[in-house]
Amino acid sequence: MNRFRPLPPSFYRRPAEIVARDLLGRYLVRELDGERLVLRLVEVEAYLGAPDRASHAWDGRRTPRNESLYLPGGHAYVYFIYGMHFCLNAVTGEAGVGSAVLLRAGAPVEGEERMAENRGWLKKVRPGDLAGGPGKLCRALGVGRELDGVLLDRPPLYIAKGEPEAAEGTGRIVASPRIGVDYAGEAAAWPLRFSVAGERNVSRPWPG
DNA sequence: CGGAAGATCCACT
DNA sequence: GTGGATCTTCCGA
């Protein structure tokens with residue numbers, strides 16, 4: 001049987017924080033030039049949409065850049081940030097909500113060599129840091145603007161069942177405040193960053 | 001219209 | 001710990 005069967009769109013049509021936890025341990029699969037690149041998701045963040053000041057959809061904001069954030073759950077939202085980097089999200093909930101899960105870090109499962117090549121000028125590819133951060137993750141997988149708005153249930157980009165952490169209970173899942181959102185008032189403290197305890201392939205250590 | 005800052009990362013001190 | 005890369009959006013003049 002296929003180890004990399006995609007999750008259906010219905011998986012994503014739930015609240016972002018539920019989907020975020022459920023995504024930990026899943027396989028993020030990218031097919032690139034006939035090659036299969038696979039990361040096991042170890043760090044994600046939930047963004048809640050209009051009520052969440054840290055979200056690109058805060059207060060219902062709509063711009064050309066974030067348009068795909070309002071698609072139905074199960075689509076990709078890829079955006080360009082700091083004039084340098086792409087970030088990949090899985091849109092969650094129903095169409096028009098604007099909630100999503102940012103895929104922050106993954107551990108290599110397949111295609112590690114190619115992913116290291118993709119990193120290119122984002123060099124310093126050290127063990128445990130191949131995709132340890134949202135910009136690095138996109139760079140490693142060759143994810144760019146052309147994948148903004150695609151459905152995540154088929155090649156060339158999908159998320160497969162993998163080895164979900166949530167299925168083991170919450171013992172291995174750590175919740176903490178999101179990274180780089182200090183400007184977001186109360187929302188900055190919401191514990192919407194989720195990572196796998198003990199994983200070294202994360203963007204930053206855990207608090208405490 | 002201009003300046004500032006951002007869901008980032010790297011090089012250097 | 002600081003500065004730079006330089007796209008996109010926001011806000012004040």
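So you know, we letter chains A, B, ... as the sequences are listed, proteins then strands, and number each from 1. In what follows, every heavy atom counts, from backbone to side chain, and hydrogens, waters and symmetry copies are set aside.
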Open item on the list: By the side chain to side chain donor-acceptor pair (under 3.5 Å) test, which pairs, at least two apart or in different chains, include something from residues 152-161 of chain A?
Closed with: none
Open item on the list: Stem finding on DNA chain B, please: runs of three or more consecutive Watson-Crick or G-U wobble pairs, both distances under 3.5 Å, sorted by first number.
Closed with: B:1-6 with C:7-12, B:8-12 with C:1-5
TODO: Please name all residues satisfying side-chain contact (heavy atoms from CB on, under 4.5 Å) with Pro72(A), sequence neighbours left out, ordered by chain then number.
DONE: Arg13(A), His75(A), Ala95(A)
Can you give each donor-acceptor pair under 3.5 Å made by side-chain atoms of residues 32-40 of chain A, sequence neighbours left out, with the distance rounded to 0.1 Å?
from     : atom 1 : to        : atom 2 : distance (Å)
Asp33(A) : OD2    : Arg114(A) : NH2    : 2.9
Glu35(A) : OE1    : Arg114(A) : NH1    : 3.2
Arg36(A) : NE     : Glu110(A) : OE2    : 3.0
Arg40(A) : NH2    : Glu163(A) : O      : 3.3
Arg40(A) : NH2    : Glu165(A) : OE2    : 2.5

Task: Pair listing, salt bridge (charged side-chain N to carboxylate O under 4.0 Å, His left out) test, anchored in residues 177-187 of chain A, at least two apart - done: Asp52(A)-Arg178(A)
Task: Contact pattern, 5' to 3', of nucleotides 1-7 of chain B - B, S or - by protein heavy atom under 4.0 Å - done: -----BB
- [ ] Could I get the full list of side-chain contact (heavy atoms from CB on, under 4.5 Å) partners for Pro8(A), not counting sequence neighbours?
- [x] Ser10(A), Phe11(A)
Open item on the list: Holding to ring pair (Phe, Tyr, Trp, His ring centres under 6.0 Å), I want the full list of residues that pass it with Tyr82(A), two or more places apart in sequence or in another chain.
Closed with: none
TODO: For Tyr27(A), check ring pair (Phe, Tyr, Trp, His ring centres under 6.0 Å) against everything at least two apart and list the hits.
DONE: Phe4(A)
TODO: Could I get the full list of side-chain contact (heavy atoms from CB on, under 4.5 Å) partners for Val97(A), not counting sequence neighbours?
DONE: Glu94(A), Ser99(A)
Which protein N or O atoms sit under 3.5 Å from an N or O of nucleotides 1-4 of chain C?
none

Task: Counterpart residues, side-chain hydrogen bond (donor to acceptor under 3.5 Å, both in side chains), relative to Ser68(A) (two or more places apart) - done: Asp148(A)
Open item on the list: What's Arg62(A) touching, base or sugar-phosphate or nothing? Going by heavy atoms closer than 4.0 Å.
Closed with: nothing
